[in-house]
Amino acid sequence: MDESVIQSKIEEIKVLAEKENINISKELDHLKAKYAPSSEDTWEKVLLARNIDRPNTLDYINLICDDFVELHGDRHFGDDPAMIGGIGTINGQAVTFIGHQRGHNMKENIERNYGWAYPEGYRKALRLAEQAEKFHRPVVTFIDTAGAYPGVNAEERGIGEAIAVNLKKFSVLKTPIISFIIGEGGSGGALGIGVSDKIYMLENSIYSVISPEGFASILLRDAERAKEAAEIMKVTAQDVDEFGIVHGIIPEVPGGAQIDPAFTAEEIKKTILKDLKALMSKTPNQLIRYRSKKIREIGHVNENNAKVQDLFGIFGKVFGRS
Amino acid sequence: MDESVIQSKIEEIKVLAEKENINISKELDHLKAKYAPSSEDTWEKVLLARNIDRPNTLDYINLICDDFVELHGDRHFGDDPAMIGGIGTINGQAVTFIGHQRGHNMKENIERNYGWAYPEGYRKALRLAEQAEKFHRPVVTFIDTAGAYPGVNAEERGIGEAIAVNLKKFSVLKTPIISFIIGEGGSGGALGIGVSDKIYMLENSIYSVISPEGFASILLRDAERAKEAAEIMKVTAQDVDEFGIVHGIIPEVPGGAQIDPAFTAEEIKKTILKDLKALMSKTPNQLIRYRSKKIREIGHVNENNAKVQDLFGIFGKVFGRS
Amino acid sequence: MSSEFNIGRKNKNNSSDFPNPFARVTDTTCRECHHKIKREKLVEELQVCPECGFHMPMHPYDRIATLVDEGSFTEFSQELTSLNPISISGYEEKLTQARGKAGLNDAVVTGIGSIDGRQTVLGVMSFQFMGGSMGSVVGEKITRAILKGADEGLPVTLVTASGGARMQEGIFSLMQMAKTSNAAALLDGLGIPLFIVLTHPTTGGVTASFAMLGDVSIAEPGALIGFAGQRVIEGTLKEKLPEGFQKSEFQLKKGFVDMIVPRAEMRKTLSFLLKTHESESKGWMSR
Amino acid sequence: MSSEFNIGRKNKNNSSDFPNPFARVTDTTCRECHHKIKREKLVEELQVCPECGFHMPMHPYDRIATLVDEGSFTEFSQELTSLNPISISGYEEKLTQARGKAGLNDAVVTGIGSIDGRQTVLGVMSFQFMGGSMGSVVGEKITRAILKGADEGLPVTLVTASGGARMQEGIFSLMQMAKTSNAAALLDGLGIPLFIVLTHPTTGGVTASFAMLGDVSIAEPGALIGFAGQRVIEGTLKEKLPEGFQKSEFQLKKGFVDMIVPRAEMRKTLSFLLKTHESESKGWMSR
Ligand SMILES: [Zn+2]
Ligand SMILES: [Zn+2]
């Protein structure tokens, strides 16, 4: 039974239910969303990923958590409003949340610097991740940024160093990490909180090494050709999932997550609970070994015309035999 | 045979040697310095400790090391010229040096902020100490500051936090640490690089919780009474040694170390080499346990009118039985 | 010595006879806005000015009463008193006066209590006792409190209020910074949480030691938190202080406190932190 | 493909037949000060402009020759070449062109050599090869180099020169940042040193990964080191760039490099670092 058949069946039931005055339309919408065919248009997805009404990190945290307390500051220089974090409970399980924070309007976006984080944002993220590690709390990150802030102050305070240190330390953090790309996953700024055991993309999110606009202006020599660039770069959740770089796609209702945030939040929550069950049965060594191997395998190279993977036996040395 | 007898014998030999045209005056000066009675005047010591010609951290490093490479920066915000550090070798042994850096003239002092370090100075010190720990290099620190910089920027970037973190991390650093108070050891700014396995004071150095001027203005209600305050506070090397807070006094030639920097440098070097021999035979756990116990024992309290020390059995729990 | 105080002292190891909370509170004029506040109102508001929100210094026993489950607090090291290590004339007299004024043996009360049934070591400083300055006794009691947590596997919660080091104890007071910070390092090594509540004012050597070493740092609104004194910065260096300099809100913005929590919500917040840092959650992980 | 290059390639695993240093250097006009420099002078000066001190990009084999003991270098993973993971049209042709131009299979050369008798894994990037951009091959070779150090207990020295991620490999190039940084984490866990030499220019994804993860970071004078490109900062955000922005001297002042070392002293400096980080010095300490 293919998706279009399911869709028409759902519509039939909906009409019946309305006739009988039974209110199951919300449930049906969800069912419908789950089996909705993805939009085939890449640029539409880019625009949806950037939609200002799209649920942001705090929206999802509030929808997912029983309780949440935000924690602030990097303990060195400042508190970056473009990167938030704290401790929440999901069905009683304590979890450290970290995420880029965008606004839903101009005022919020100015306050949040459009989700473009500074070095102190990445350092706050690391502080909270290490706090989680110390107390054996799992970490969930929400990625939602066009990139790290490309400004003079960010360079002065070492945005490159801050991201690099996060890539290094998250990759060997001794606690489970689950990431969700909820909107735009742009470049090093996205990856800076995106090295994880499990990473998912929302149905209408994108993930790319550079913005389509940047790619167009550099490689296509015309910033106006962003639409074309997005196609060439293969930035959609479906593309990146096919590359084997993410662990799955989180569904949204047709038209995008902003239409029914609770639906996507519920899907995220289920995914977290399912993954935590599996990840929390592992030892820290097993986690890090798996995480390292997964990262290690990404890339397409050949050697003497054969595709290679060469681990140099190093993992045994680093992790022992456990 | 008391010191004055030795002194007059030395003078006799000196006169004889000069008559015979034998050049042993330098050796005799050293001998003389070693047995010179300490100045009894506290304020004279305060002035000597602050003398602008007094050898500073880089002077001693250059006199002590075969080779030295300075390392810069805190990897977060900046490089503080008031706190220097790097790797040197002493008779082939690699050592990480850290120290406050004062100037010998107005220009140097402005550049070095008079040895008043900013938070980034203390964070650089910690970075280099942790680098030393990672590579099992011992650490030597030179303390020479009136205090941490009491300015708006220093507060904004968390001078209190920076010092606190150093106190915490130096106290459990898994490598030997030897400290020398070479001039003024003022307050938290001095202690920020002064938690060590062995700490020495130069003969004309001082160590205090607040400057004599500060003490006078707050407790004597008259900043002009600093001289009196210095007496009351017991800030000299001899006082602090008597309290059992330092491990010994490094001699200077009469008149102060600036008259013969090489003499004091040689004494420091001998002390480092002797201590390293002992400290490097210990395990990291032994070092930390000894260091923690030593710190733990400082203070004068009574409980039900009996002097107490109560370790709560915690050291066994923290360090195991090794 | 006030009679209220004697109630607490007499029954010091009997938590059910904990001194009546706020028994020492009287009608007061707010130091910030000069609003006059009746005793009953002040008690109801947990000594927060209803007019301007100023969080007034509290007596440690009053604060403990607002934080822990009723009857759950047992004090320890209460009998610890100071010597005069550098023989400062007048120090003993000053201590005796302070004892009478604050109704305490020194500037901190330490013990074990529970919040919503979860135990924590609790240390609460008193600004009334010689400006909450840290000498050998404060250093020793804070150190013992932290090591008690290490020894018994209990989280440690410290409520700070201090003008800094106790200068009358000279170099010994400086060393208490190292001592308390070392204790925090040992606790850290065991993976046991340290929660810090910064109240007005927390400055000097306390800020440059254990007060800045919390796994989570909470500040009360409007508290002055800093290392160097404002007069030193303005006076010696002729620097102009920015608006709100060294206040809680400033420290939040500068990244040094996790959150600002009004007094009325402090207990709830600590309860949440104790819950989410519980050691059961370690079960899944080999150390 | 130049004939000098072929000498190196033919005898790739035979260190005694290492390509002649500077065989590819020709008479040059300095790009910074437009001073004309004869080949002989340029070789003598290690490709540093004698007029203005500009440190010109070097071919990896030339740089290696200036750093290691003669005949001590053995290359590995030389045959690694790129696929076209996101099927970008024209990428294969671009790679072929770059191979011919730079005389390399991709933008980094990795191997093992010794400096004053002390072995180190050595990775040297080439800005001539597609702007030193990091795709799957660079990521894989850097990762292998770091893990080789981890496996054999050898220090790792990486000389960087890069415009950033190789956009033609899309998301796969982004992932090389994670891969190389993870390798650095594993090396770190074993307590083996990573030395980074930053040369002109080192930007983008290389700066935001392994290039900033050195235990000791050395920069050549005047090198551009940063994450965001200057045109992006000036263009998109209309920010004015301060004098010397993102240069080595700027990064030293901002605390991100340990020292600036002229090319002529690089070998001596690395030798000192290898000596003072030797593993024998660990003997006294149980791990
Ligand atoms: Zn008021
Ligand atoms: Zn030139």
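Computation of the quantities below employed the complete heavy-atom set of this structure, encompassing side-chain atoms and omitting hydrogens, waters and symmetry-equivalent molecules. Below, chains carry the letters A, B, ... as their sequence lines are ordered, and counting in each starts from 1.
- Distance NZ/C/Lys179 to NZ/B/Lys294: 11.5 Å, rounded to 0.5 Å.
- Among the candidates B/Val165, B/Leu167, B/Ile163, the residue making the largest number of heavy-atom pairs closer than 4.5 Å to chain C is B/Leu167.
- Once rounded to the nearest 0.5 Å, the distance linking CD of B/Glu155 with OG1 of C/Thr207 reads 8.0 Å.
- Of the atoms belonging to B/Ala148, it is side-chain heavy atoms, and not backbone ones, that fall under 4.5 Å from chain C.
- Between B/Glu303 and C/Arg144, at least one side-chain N (NZ, or NE/NH1/NH2) sits under 4.0 Å from a carboxylate O, which counts as a salt bridge.
- In this structure, CZ on B/Phe170 lies 14.0 Å from CG on C/Asn182, to the nearest 0.5 angstrom.
- Heavy-atom pairs under 4.5 Å with chain B were tallied for C/Gln251, C/Arg166, C/Lys253, C/Gln168; the largest tally goes to C/Gln168.
- Interface summary for chain C: among B/Ile210, B/Leu219, B/Asn166, the most heavy-atom pairs under 4.5 angstrom belong to B/Leu219.
- Chosen from C/Gly164, C/Gly229, C/Ala208, the residue pairing most often with chain B at heavy-atom distances under 4.5 Å is C/Ala208.
- Contact record, C/Ser209 with B/Ala164: O-CB, 3.2 Å, taken as the closest heavy-atom pair.
- Chain C forms the most heavy-atom pairs under 4.5 Å with one residue out of B/Gly188, B/Gly160, B/Gly214, and that residue is B/Gly160.
- Annotation for C/Ser173 and B/Val209: closest pair OG-CG2, 3.4 Å, computed over non-hydrogen atoms.
- Interface residue C/Ile86: backbone and side-chain heavy atoms are both found under 4.5 Å from chain B.
- Here the side chain of C/Ser136 pairs no donor or acceptor atom with the backbone of B/Gly299 at under 3.5 angstrom.
- Between the C/Lys254 side chain and the B/Gly158 main chain, no donor and acceptor come within less than 3.5 Å of each other.
- With respect to chain B, the highest number of heavy-atom pairs below 4.5 Å among C/Gly226, C/Ala184, C/Ser181 belongs to C/Ser181.
- Between C/Phe172 atom CZ and B/Ile245 atom CD1 the span is 4.0 Å, to the nearest 0.5 Å.
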Task: Steps toward side chain to side chain contact (heavy atoms under 4.5 Å, CB included) verdict (C/Met177, B/Leu191) - done: CA-CA 9 Å; C/Met177 292 168 62; B/Leu191 192 61; 3.9 Å; yes

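- Only the backbone of B/Arg157 comes within less than 4.5 Å of a heavy atom of chain C; no side-chain atom from C-beta onward does.
- Across C/Met167 and B/Ile218, no two heavy atoms sit closer than the pair CE-CG2, 3.6 Å.
- Shown here for B/Tyr207 and C/Met175, the closest heavy-atom pair between the two residues is OH-CE, 3.2 Å.
- Rounding to the nearest 0.5 angstrom, the gap separating the CD atom in B/Glu161 from the CZ atom in C/Phe227 is 12.5 Å.
- B/Arg296 and C/Glu140 are joined by a salt bridge, as a carboxylate oxygen and a charged side-chain nitrogen come within less than 4.0 angstrom of each other.
- Taking NZ from B/Lys168 and CG from C/Leu186, the interatomic distance works out to 10.0 Å, rounded to the nearest 0.5 Å.
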